[in-house]
Every structure is written in C-alpha cells, then in structure tokens.
Amino acid sequence: MIKFNINDTEVEVEPGCTVLEAARQYGIEIPTLCYHESVAPSGACRLCMVELKDGNWSKLVASCIYPAAEGINIYTETERVHNVRKWLFEMLLSKCPGSNEIKEMASKYGVTSTQFPIENTDEKCMLCGLCTRVCEEVVGLSAISIVDRGVHKKIGSPFLVPSDVCVACGCCVTICPTGAMSARIDAVRRTPDVTLTPLAL
Amino acid sequence: MDHQVEAIDEILEHYPEEPEFLIFLLQDIQSAYGFISKESMQMVSDYTGVPITQAYSVATFYQSFRLEPIGEHELRVCLGTACHLKGGQRIVEELERKLNIKAGETTEDMMYTLDTVNCVGACALAPVLLADEKYETNITASKIKKILKKIESK
Amino acid sequence: MNEISKTGVFLCKCGKKIEPLVDLPALEKKLTAESNIIYCETLPYPCLTPGLNHIISKIRENNLNRLVIAGCEGRLMLKKFEKALISEGFNKGQIDVVNLRDHVANVSDITPEEKSDKGAKLIKAAVAEMEVFTPCDQETVNMDAPPVIVGGGIASFSAAKELSRQGIDSLLSLEETDTDSILNNVCKFFPGERPNYSRLEKLIKEVKNSSHVTIIPKSKLSKVSGITGIYSLSFTVDNEPDIQKYEASTIITCIDRELSAPEKKFGYDGATVLCQTDFEDIVWNKLIPKGNTVFWINDYESDQGKFAQLSARSAWVTGKHMMEKSQDSKVVILYNEQMPLPLSAQERALSRKLGLSLISYDKSIKPVLQTDYINFGTVNDRLEHELPWDRIILSPVHKTDKKTIETGRILGLVYAENDFLNTDHVRVRPEMIGHKETYFAGSAFYPCNLETALSQGRKAGRKNGELVKKAQGGKLFPPRFVSFIDPDKCVSCGQCQALCDCNAISIADGDGAISPRIVDPMLCTGGGTCAAACPYQAITIKNNTNEQRETRAASLSNQMADDEFVTFACSWSALPAADNAGVRNLKYDHKGHIIGVPCVGLIDASVMAKAFVEGAPGVLIVGCVPEDCHHSFGVDHAWSRINLMKKLFSLCGFERQRIAFAHSDLNRPEEFANTMGSFSKTVASLGPIENTPENKAKLKSIYRLVKYNSRIRLLLSAGLRRPWETTYKGDQEYTLAYDREDFTEALKEELIKARLEEIFVTEKRSFNIKELKETLSEDSLIEQLDELDLEGVITHSYKEGIPFYTLCN
C-alpha cells in the first residue's frame, strides 16, 4: 500500500492508483471535465490540477494521471490551485459559452465572466476527447475522432459525412460533459441500413 | 510530365502491411497524385489495418496532406517574417482577387491552387512567390500578371 | 452449469452525485435484510481502482459469483467492471449495473428516503434476475476447414493471394482457369484497365502456382448450407451431373457484374455508336481507328450517375492510349458538368499536351446525336456547340445480370433492381461493422474499378485470415447473447427464419423429413424476436433468457405501489434517453421503474402478462421510432404483442390503456421524460387492478395463454412484419379483416380454454359444465373441454348421467 498526504491528511491506496482516485476514495473533491471513470484519463482539460509541495518548492500536477507515490504532499485548495482553476474556467467560458454545464461548474468555483474574447456564443464543444475515447475503448468502433489541427480542431467522422461505422448507440452523447455531442450526433449517426427487398428472379 | 503515375496498388506494395507505415504511404500517394482521394485513403486504411477514422485524423492534422485535388499549378505565397513585413499579405490578396478564390482553394477550371506557406528561406528577396517549383522574388502586383501569363502560355 | 448464485450488491456514492440525494444507509440496510443478497456495501466509487480492489477482496471473502452495482450508466461502465473482474471468474455476464444516479437520484424531487425505496425496488429486481441467470459455457468457433472463395470475380485472386501470404490454405472456385481467357474477359467487367494487365497476369500466375490454394476448376456453385465455421458447399463441375461437395469455414464471395450495352435510345448500333466494352477490343487488339472519337460519358442520362467517374476514367485511359499511339486519331471526352473530373493535375496537363479534349456540358441540355455532329450546351455561356464525330463511345451499363442474381440467391443475398447485391446483415455490434467488407468483394457489391476490386479482395482475404487464425488459436468466440434453437423442440414451422433479419437462421442439414432450424451464432444480433415468436418456445437467447426477463419483471411488479408502473426501455433509444435525462438533470414523474432490454422485440408477451399477474398496475414499453429500429422490425413485433395483450384485456374486462407502447430517440431525453409523465397520469387515473380471486384467475389465464398456447403464438407470429415488408403493419391491406374474423375469434376460443385450465389448476376439484359456464359467464365451452380432455389435461367421469371434469394428475 502507498501512503501519502492530501491536504495534510494521510491517505492510503494500492499501487496503480492515481492521485484523483485516492482523493475520491477519501471524499476530497477535485473538479474535472475531461475525466470519466469508464475510459482512460487523458489530462486534457487540466481542471484537476493540484499542487505537489516538496519543502520550499512546488509544482502543479494533473491529478487524473499523476500516479500516487509514497510520501508525496498534495494540496487541493491552495492559492495557486485556485488561481489555475479561475483561469481555466475563464478560458472555457470564452471557448464554449454555449454550455450550461460549464457555466454551472464555473460559478460553483466563483467564475461568472471571462476576460477573453468570445468567438462563437453557441459553441459547446471543449474538445476534451471523451466522445472519441468512449467510442474507441468502450464501444470498440472508433467512429469519430479529432480532425484538423490548431484552432480548426473539431470532432468529426471521416470526410465529415455520416459515418459508415457508427451504430448510433449514443454513448458519446451520454459521456459528453458539456452537452456538445447532443448537437453533433445527428451529423455522425446514420439511420440503420435497411435495404431489404425480396430476391427477384 | 510524361511518366505513368504509379497505380495505388504499386505504391502500397512498397511497404509491409503494418500500421506504422501509414504516414509513409500517405506521403507517397500525396506526391504521386497531388492529393489523397477518399478511395486511396480507404485502400491505405485497409492495407495497414489502421481504422479509417484515425487515418483521416492523421491526414487532416498535417498541412502537407491535401484531401482535395490540386490544380495543375501550385502558387505558394511566403508569409514568413520578412515576407510578411514586406507586404506578403497584399500579394495573397492580389492573387485571390485575380483568381477569384481564397487562399487554400483551387480554381474551378483546376488550373491554379493558391496557398500560403511559412518561410521558404529567401528572405533577402522578399516577398517571395513559389510558382510550381520556381522561386519568383521581389514580387509586385504587375509581376504577378506577368507570371500568370507565362504559365498560361506554356 | 447449475451453480447456486451468490449475489453481492455494491452501492455507489459517486462523490456528491448520488449520496445526499438518495438515503444510501437506509438503502443498504433494506438490501442487507434480503435473504438472496449475500453481501451489501456502500463505496465512494466502486469503479475506481481502490473500489475495484475492494470489490475483489469481498468477492473472495464471500465467494460471490454474481454482482449488482448500483451506480451510473451500465452502457458505459459495464465493460470496465467486466475487464477488472475477469480474473475472479466474472466473464459470462454475471455483473449488472443499475443506474441509481440517472434513473433515481437526478430525475425527481422526492425525498432521499423515497429515492432509496425506488432504488431498492430496482436493485431487488436485478438481484432476482441474477438468481435465475445461469451463464452458458463460452463456446468457441471451430474453423478447421479452409476458407472458400466463390463467385469467380477478379477479386478472388487477390483474396487467395492474401490468404496464402498469411500461410492459410484456401479453396478457390473458378469457372475459367486459363490465364489468357481471364485477361481477355476483364474488359467485359472493367473497361480501360489494359495498363494494369501485366500486374494482373502476375497475380493470377502467383495464385495458380501457390501451394496454399486449391483450385476447383470449371466449377459453379449450386448450394450452400451450414453456419460460420462449418459450411457445406455443393458445386457442379464442368457441367457434369455429379455434384462435388466441399467443407469450408468461411465463404468469401467475389462477384463482378457483367456490363451490358447501352440502351437503343442513345443510338447504340455496335458499328459507329459503340460502348466502351466493345470498343476496347478494337483499340487494343486491332487498328486504332482514325478520325474523331467522342467518348460521351452518358451515365447521368442513363440514370447511373454514380458510375460516371469510373466511365470517365476508363475513357481517359483508352483515349490516352489512342492519341499516344496514333497521329491520325483525335479523342474528345464529353462529360456531364455534375461529375468532378477524376483526373489528377498531371493527367490534365498530359491531356492538354496530347491534344485530348476534356469538355463538360450543361446538365440541363441533353446532348443530341445527329449524322456527323453531336450537339451539347456549355455551362458558362449557355451556348450550344457541336463536335464532329466518326464514332461515339457510350458508357457501359451497370446492371445486375442474371448470373449474379443466381449466385446471390444461392448465398442468401438480397438485391434491389439494378442495384448492388447486399447482405441482410444488420449492424448492431462493433464486430459486425465491416461484415460486408469481410465476406464480399467485387463490382456486384460496390461501384469499383479493377484496382479497388482487387483491394476489396485483399481486404476480405486479410480479415478472413485473421478470423481463421483466431479460431485456430481457440480465441474466436461468438457473442454472448445469441439465439439458440433446441433441435428437440423445434417443429420446423419456419417462423423464426421468416422473421430473422440477420440471415442467421437456416435449415440444419438433415435427412429432409423434419429439418429443424439452426442459428449461426456469428451472424445473430441477439434481437430476440425469434425467441418471442416461436410457437413452441424452442428458442432461447443464451445468457438473456425469457425466464430472466419474467423473473425481473415479476420481482419489480411485486413491489409496485398502486400508482407505479414497470417500464421496459430498449437499449438503443429509451435507455440512452433515460440515461441522458439523468445526465441533464431533467425532472420527471418518478412512478415509472425502468428495466433495460436490448430490443423491445425480445419481450415475449408472457413477460408483459407476468408483470400484471404479479401486481403491476401498468406496463410501459418504450422502443425506437418505427423504421429506426436497430433490429429492423423489433419495434413492429413488439407492437403486435402489445396489441395481443390489449385484445386479451378487452376480452377479460380490463382497461386496455394499462399496457402502452411509446417511442423515443436517444437524443431527445425531454420527450422520454414527457412519456413517463403522461403514462403515469394514465396509471394514476386507472388505479390498480382490483385484487379479487376472479381478476387474479383472469390474469393468470392470460399468462397461460400467451406463453403456452401454440395456436395463438403461431397465429401471432404469422402476422408479424417480415423483414422484406416495406410498410408498417397498420398499412397491410387485409389487416382489419384478418383481425376481425380470424385472429380475434381464435383468441376468444383459446382464452376460454386457458381460463378453464386455470380454474382446474387452482381449484383442484371436479366441476360440471353448468358450474363452469356460470363461473366464466360463457355459453359455449364444450369444444374447449373436449380439447383439454384429448390433450390429457383433464379427464371426465359421469355422475347420474352428468359429466364432471377434473384435472389429471
């Protein structure tokens, strides 16, 4: 078992756990958006950042992927952590102002407006990649992926036409933390192919 | 160009049927055909065993892969630091007006494709336009007219 | 395997998402008191590493072999649990996830205590199902026989080569084996491919010389039977009367459609107005004709626009050859403006260099042929132009020919006039995606040129090779939920085969007298309507039996309050909608309790009846929108079974609205919420069915009827929508007449019989006919009594000349 400290309290977990898993086991809250229990963590949104202190020196780590290690000191509510969360929420509010879930979470952490310019007031997708991961890992189909690069990145199916491979199971809609997939699913799924006509001879 | 373009099958046969050769294959097809068609991407995906979604993701990630056929002549305007300072953007706009397309697009008659690129390494001669493989330097609006005329007369 | 089930239940706090909203300590207390729950504990997060490790330790401590996790969406989480617990022997579906969060915690404003009550009902029902669940042994698919390649399409060679490359032996059925003949015939299927012939020749020679390939020369397929892994194919060889039989593990079908000549309306005469297929022979084997040759790509005009690019490409290859080799030949390619020209930049530059014109014409002005000139319009200026011509080459016509249809019929494929051959195969599971590409290649299946056809063959070879290798390593398993037909119970009525939309049911090889049906587990989607339809209950869905469904429904129904109802939600529409409603925190009526099913078509009428017998005031079944069903017509079939229940309710004096059908879409959770709210109002206004002995007897009779009465089950199945029917049941022409005269009458008769049987079973004494008539308020019973007598259910004796009937022992 690995013993380490979160907020000066000792916690104990088996090897193979991440800091986030340990925190959750002990009821310590850390906000997340791109994390879901059913798929592997990716550390994309950085909301789960916590401060790891070692004497006078400290660093921020993403708790969803940082492995629990013997004797480390993790703090989840320091000024530095709060600052990071504030900036992240402001950036999220500017990138996806259309998402109510992000707005609610942001206001819970004290952020209700953003200093960054808002490009698209309807945008909900934060490109966390949960939909692509669930389609690949849980469903096994890999029907959607992240296409393009930089500011043009978006979630789509090959050639941006309804996917040949999607079975319309809706797992991506359920896992989406911001409600964005719900708007996009109709561009990806096909109605099941039912070309059944009698054998003619 | 007189050479017979290699059939996709022949290109595929140069590599083993493994996922790690995805990008090599895409590069070879890009240089042979100028773009990666839907059919050829499907064939590469089948050959290497990489799901088509991931092949598409890779192809859209890299700028050097095109998914639309390009025109017969590629016009690339450099927008690196020196060229930018020397008015490279205006050259782009002039070409956009002349050809009636936006940067990144191809003319309807499939003659020209217009692109912007980052630094071609001829900064002292800025602004620079690459017409196919030829470096056209110290470009001005009137020079553009001449260059286009030269290409068309060939 | 009949092990005793030992079920553990783990409740999830899910951070703050379940805990304060549901009174978990109270829930845990309630569940621990249940005798069939061996162990119950609340965990912060059962799904994270600490939680999983803890569960494993409790499994070992208590020897648990079944688990119910009350957490969030099973659709997302089940795989993780199964993966983590496989080491403990939980690999056959012994884990169920109840969505405590999205079906209970988030979706209403009732008190935490009330929510824990609701959660308890759902969990107890899940545990009840776990008790009767007997996991089936995992079978493997055997592929000892070689794969066989049939159809004679050109892709056969690339498929055979690919299999050889993987070191796998294959059988190759070819009608023509002479390399030169094969090459000469290619242009009948793929014109304009001459430059590729040398590579094709190399491929054919390689395959013929390969030690892994056994060629069956001059063979034509005549019959196929069997299931994946064990097929038996019959061929006629060299037109001789004797049939040759071969065993194969998989069948790769490569068929190319022979192209036909264009219609007369385009002026085709085979002399000066030719087709690409007959022109090709002239250009490549004889003299290149002089003068003006116009290739008119007329695919849009002959209603086959999707082949235009293929025609244009082959025209260009031929035209380029002509202009390269002959100074006196001038070629023009005239194509419809709708078609993007399939030539690369270099190819266009080359055309210009050679003087080969590429002209696009206005799609709204159809080109017209006259002597010496072809007339067309150009798009930009709308001006009409003319081209001089000495010969016109039209596009070949792509149409499914007789030979292709015949081979398709033998293999059980379907096709639409002029369209491609297709397999019936529904796409429901990840491993089913790519089914068509795994087993079918060639121009009979997709629009393709030679290169793409060969690529399809190679892909099919690769995928089949992977399957064979997996099978040989003992690692090829059929899916967990598949139909299984008990050959001892099957009477060969064929209903299941007629209803199956996955092409998975065929006639087992036998000696012809009685030929039971057999399911191909690799093709079965687990839709389950076959099992629900079988008049003799010979079909079960492995690991998802009707008994499981009935037990869960019964347990839940038993716990329903007077205004609560049981809801069956299909996993493609209603269940995700319910999950999404929870994710979005939509609030709706809490009186409905959800049981998830793979498809509503799987719900046997007996399950619906059982729910009412056990006290459910109402039953709601929510499936996909019609025509969107993933199992083709599960929705329609469920409708018919619900309709049956409504009719029986009418006959028994119960309100028909107690059982209802609804539709939903996974992306419209607010509609699902409304559905639940509306039905709840209906149930509230009706109140429960009064718990009198008479009502109980009626409900039990209904259960007895829909479950065991073969006549009604057969009549019902015969009326269910077949996969090839194109309209929703209500549109069928004779539905109303059939309903009034045949079905309803039969139902009345059989209901009386069921009610009689119920009386005898419950009362266990003798009755005379007068008593029975009074009890049932029916005037005419004698036929039913006689039938029951003949069947040996009851027996009769005389007392003072009056017949008395008693139950047989």
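Since this is a predicted model, take the numbers as computed values, not measurements. Here is the naming used below: chain letters follow the sequence lines, and residue numbers restart at 1 for every chain.
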Check against side chain to side chain donor-acceptor pair (under 3.5 Å), C/N580 and A/T174 | CA-CA 6 Å; C/N580 292 339; A/T174 306; 2.8 Å; yes
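Inspection of non-hydrogen atoms places C/L48, C/T49, C/P50, C/G51, C/N53 of residues 48-56 of chain C under 4.5 Å from chain A.
Other residues, nucleotides and ligands contribute at most 12 non-hydrogen atoms within 6.0 Å of the NZ atom of A/K153. For C/K470, the NZ atom counts as loosely surrounded, since its 6.0 Å shell holds 12 or fewer non-hydrogen atoms of other residues, nucleotides or ligands. Under a cut-off of 6.0 angstrom, the local environment of NZ in A/K154 is crowded, with over 12 non-hydrogen atoms contributed by other residues, nucleotides or ligands. Heavy-atom neighbours of C/K83 NZ from other residues, nucleotides or ligands within 6.0 Å: at or below the threshold of 12. Under a cut-off of 6.0 angstrom, the local environment of CD in A/E70 is crowded, with over 12 non-hydrogen atoms contributed by other residues, nucleotides or ligands. Other residues, nucleotides and ligands contribute more than 12 heavy atoms inside 6.0 Å of the CD atom of A/Q115.
Of the possible donor and acceptor atoms, none in the side chain of C/K79 sits under 3.5 Å from a partner among the backbone N and O of A/V139.
Atom SG of residue C/C47 and atom NE2 of residue A/H36 lie 8.5 Å apart, to the nearest 0.5 angstrom. With rounding to the nearest 0.5 Å, the separation of SG in A/C169 from NE2 in C/H630 is 8.0 Å. With rounding to the nearest 0.5 angstrom, the CG atom of C/N585 is 11.0 Å from the CG atom of A/N100.
Among the candidates C/L43, C/D579, C/N667, the residue making the largest number of heavy-atom pairs closer than 4.5 Å to chain A is C/N667.
The nearest pair of heavy atoms linking A/V173 to C/L666 is CG2-CD1, 4.0 Å.
We find that A/E37 and C/K80 are not joined by a salt bridge, their nearest charged nitrogen and carboxylate oxygen being 4.0 Å or further apart.
Contact annotation for C/K16: only side-chain heavy atoms (C-beta onward) come within less than 4.5 Å of a heavy atom of chain A. Heavy atoms of A/D186 lying under 4.5 Å from chain C belong exclusively to its side chain.
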